Amino acid sequence: MNVKLRMCSLLGLLLCSVMGFAQIEWHNPLAMGTEMIRGRWWQTELSDSYRRFPPRAQETIPASVYTQSTQAAGLNIVFRTNSPEISVRYTVTGSHSFNHMQATGKSGVDLYGVDAHGTWRWCCTGNRHFGQDSIVYRYDGLTYEQDNGYGYEFHLYLPTYVEVNFLEIGVKEGSRFEFHPTSKERPIVVYGTSIAHGACSSRPGMAWSNIIDREMEHPIVNLGFSGNGRMEPEVYDLINEIDAKLYILDCLPNMCGIIDQIEPRLTAGVRKLRASHPDVPILLVDHSGYPQEVTRKASTIFRKANAEQQRVYKQLQAAGIEHLYYLSYQELGLTADSWVEGSHPNDLGMRQYADAYIKKIREILHEDCMERTVFTPCHHHRDPYDWLDRHEKVLAYNQTEQPEILLIGNSITHYWGGNPKAHIIRGEKSWNKLFKGKKVSNMGFGWDRVENGLWRIYHDELYGFKARKIFLFLGTNNIGRNTPEEIVSGQLELLRAIHLRQPQAKLYMCGIMPRSTGQEHIKAVNELLPKRLAAEMPEVTFVTLSPLLGDENQSAYEQYFIDGTHPSGEGYEREAKMLKKYVNE
């Protein structure tokens, strides 16, 4: 630990002793390596700080932009604990508040927990102490709906408008605690002004980019800079280094005074991004307006900026620039009640920003391109294994191995065999025989339901390779929670989402395997599913898994299962026999 961090640690220890902290174990994310701070790129170069641009950027970008980049806007830390209390102590550089933005928004932190089923829960606290340079947040009396010892996955959003020099997270002594590293999933990159930076949310979690992070669960890189974000060429150079899934350019609020620069700077920036990232969508965003427009004629200048950007947008489209999108002033839809002082949105305005963005992003990323079912994509932690860690392993495996066959399923697939390796393997012999000589990815996840499969598809598990065949096995864990009609609609939604991302692959929808419970619903699903496929997706092949594993009523032959649901080694042998002709055709 360097001298600066050691001094900060001593200050934090002194403050915590004054507040009466005892028997608390403290954890420093920066001591755990380069991958524990989320919401940014250039992790290796930024490993000892909570900054957003690498140190080398200081040599090229405007000084005011670099100064703003030292502030922790959009950065967050993810960890898992079952502690009944969580404390955060940290030191900062910068004032705690602005005259138009309170301390909880400018220099405070914000904590959310995610339960075993993927539901987000805000953690409120009245126990905050803002010292001269040290700040402490304490969350007491935390309870966990599922008392399984694993606790919740917590997301700690860092302050928006101060530089964080030192930070530790404390939990009750003896509690479970582990950091979750950053994801290999490609991020959404936001380049903009103070509104993107986070002004003037009442707390970090209410900044619109953090709302999107929470509700879409895609990594967000926040490159919003107060008083800046003017489409600077040097900033475009840095953004161009990021392997993104979407670039958002929201710079017009600070371009109104230099409208003549919109065309040259925007054109150059878009062409630069497109040259290096030919297929990545780019979203241009209007100025959201001023509420005082009706009382001050000068406030109408934003309309001129919007008109100029829209003209350049059409010009770029006419020049053949593809995957270019637009979010208009009308779609943003802010009202007179959406502002703090006429320039920066309050929490209502941030919510409206986020809603408009989420709707547009879902359209761009094909996450809402079909009739919605009852299923909301989410991740979970219902099983003892680390679900998010397996997701990261699937991302890495698929990118590296370029599999030709995918099996997307739940624990029945998860425990069969193959790679990525599972913590339980019951049918490796039959797996190896069935898939001999083929590159196959086992994308089975224990306890997965339809909604969890959707989440995985939306979060890059099908990105970066072209499969020949994809087998889908999801649905059994929705029995008893959803009606047969809902389950079948969800299965078709999964198939459509898969087809959009892997249009060349032959798709196989596997019926639900016989079980010792829920047979009536399983039978209804397996009868309805091939009918819906024939009418709506005739190109998909329906595969029954019943004949060798259960009777006509979908009751499992117990000798082939270890618990009435999960096949034994002999059960997997029988599953392999039913899949063989489809694997080899």
Side-chain angles (χ1 to χ4, degrees), residues 41 184-192 196 209 212 216 218-223 229-252 255 261-287 305-332 356-370 395 398-399 402 457-467 496-505:
W41 200 251
K184 297 178 182 66
E185 182 185 344
R186 297 166 299 149
I188 295 172
V189 177
V190 177
Y191 175 36
S209 66
I212 294 173
M216 301 197 77
H218 292 303
I220 305 285
V221 173
N222 184 325
L223 299 177
R230 297 191 178 97
M231 304 185 187
E232 297 91 346
E234 302 85 357
V235 176
Y236 274 122
D237 288 337
L238 287 163
I239 292 173
N240 203 32
E241 297 177 14
I242 303 175
D243 180 20
K245 70 169 53 178
L246 170 65
Y247 297 104
I248 294 174
L249 307 180
D250 191 351
C251 297
L252 285 197
M255 298 294 291
Q261 291 298 304
I262 292 175
E263 179 177 4
R265 294 189 186 187
L266 181 58
T267 300
V270 168
R271 288 190 177 278
K272 182 173 293 184
L273 294 175
R274 183 53 72 239
S276 300
H277 309 278
D279 299 321
V280 178
I282 300 171
L283 175 61
L284 310 183
V285 184
D286 262 350
H287 192 307
N306 286 348
E308 177 65 1
Q309 181 170 262
Q310 289 167 10
R311 184 185 70 80
V312 178
Y313 165 66
K314 293 175 182 176
Q315 187 172 286
L316 289 166
Q317 284 186 314
I321 301 294
E322 298 182 336
H323 311 297
L324 196 60
Y325 298 86
Y326 207 95
L327 181 62
S328 70
Y329 159 78
Q330 291 80 8
E331 290 173 294
L332 288 169
Y357 265 113
I358 289 170
K359 181 178 180 182
K360 183 66 69 171
I361 293 170
R362 283 179 174 157
E363 173 189 323
I364 294 170
L365 299 182
H366 303 295
E367 294 184 9
D368 200 15
C369 55
M370 58 203 77
L395 291 180
N398 288 353
Q399 288 284 318
Q402 300 285 298
I457 290 166
Y458 289 170
H459 288 76
D460 277 5
E461 288 192 11
L462 299 182
Y463 171 74
F465 64 97
K466 292 184 178 181
R496 293 188 182 103
I498 293 169
H499 178 67
L500 275 168
R501 290 157 179 80
Q502 293 278 338
Q504 78 294 329

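If you're wondering where the values come from, they're calculated on a predicted model, not measured in any experiment.
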Within 6.0 angstrom of His499 NE2, more than 12 heavy atoms from elsewhere: no
With sequence neighbours excluded, what pairs up with [X] under the side-chain hydrogen bond (donor to acceptor under 3.5 Å, both in side chains) test?
| X | answer |
| --- | --- |
| Glu331 | Ser328, Lys360 |
| Asp286 | Gln310, Tyr326 |
| Glu263 | Arg311, Gln315 |
| Thr267 | none |

A side-chain contact here means heavy atoms from C-beta on lying under 4.5 Å apart; do [X] and [Y] qualify?
| X | Y | value |
| --- | --- | --- |
| Arg362 | Met216 | yes |
| Ile361 | Ile188 | yes |
| Ile248 | Val189 | no |
| Leu252 | Asn306 | yes |
| Leu266 | Leu284 | yes |
| Asp250 | Tyr357 | yes |
| Leu283 | Leu249 | no |
| His323 | Asp279 | yes |

Residues in salt bridge (Lys or Arg N to Asp or Glu O under 4.0 Å) contact with [X], at least two apart in sequence or another chain:
| X | value |
| --- | --- |
| Lys245 | Glu185, Asp460 |
| Glu322 | none |
| Asp237 | Lys272 |
| Lys184 | none |

Test log, rule side-chain contact (heavy atoms from CB on, under 4.5 Å), inputs Val270 and Ile321: CA-CA 9 Å; Val270 168; Ile321 301 294; 4.0 Å; yes
Taking all heavy atoms of [X] and all of [Y], pick out the closest pair and write down the distance.
| X | Y | answer |
| --- | --- | --- |
| Ala505 | Ala467 | CB-O, 3.4 Å |
| Leu365 | His218 | CD1-NE2, 4.1 Å |
| Ala196 | Ser209 | O-OG, 4.2 Å |
| His277 | Asn240 | NE2-O, 2.8 Å |
| Pro187 | Ile242 | CG-CG2, 4.0 Å |
| Ile262 | Ala305 | CD1-O, 3.9 Å |

Candidate pair Val190 and Val221, rule side-chain contact (heavy atoms from CB on, under 4.5 Å), full reasoning: CA-CA 6 Å; Val190 177; Val221 173; over 6 Å; no
To the nearest 0.5 angstrom, please state how far the [atom1] atom of [X] sits from the [atom2] atom of [Y].
| X | Y | atom1 | atom2 | value |
| --- | --- | --- | --- | --- |
| Leu327 | Leu332 | CG | CG | 4.5 Å |
| Glu461 | Ile498 | CD | CD1 | 10.5 Å |
| Leu395 | Arg186 | CG | CZ | 10.0 Å |
| Trp41 | Asp243 | CH2 | CG | 5.0 Å |

side-chain contact (heavy atoms from CB on, under 4.5 Å) between Ile282 and Tyr325, worked out: CA-CA 6 Å; Ile282 300 171; Tyr325 298 86; over 6 Å; no
So, does [X] use its side chain to make a donor-acceptor pair with the main chain of [Y] at under 3.5 Å?
| X | Y | answer |
| --- | --- | --- |
| Gln502 | Phe465 | yes |
| Tyr191 | Met231 | yes |
| Arg274 | Val280 | yes |
| Gln402 | Gln399 | yes |

Donor-acceptor side-chain pairing of Gln309 and Tyr313 below 3.5 angstrom: no
Arg501 to Tyr463, cation-pi by 6.0 Å centre distance and 45° axis angle: no
Residues forming a side chain to side chain contact (heavy atoms under 4.5 Å, CB included) with Arg230, sequence neighbours excluded: Asn228, Glu232, Asn254, Met255, Ile258, Arg265
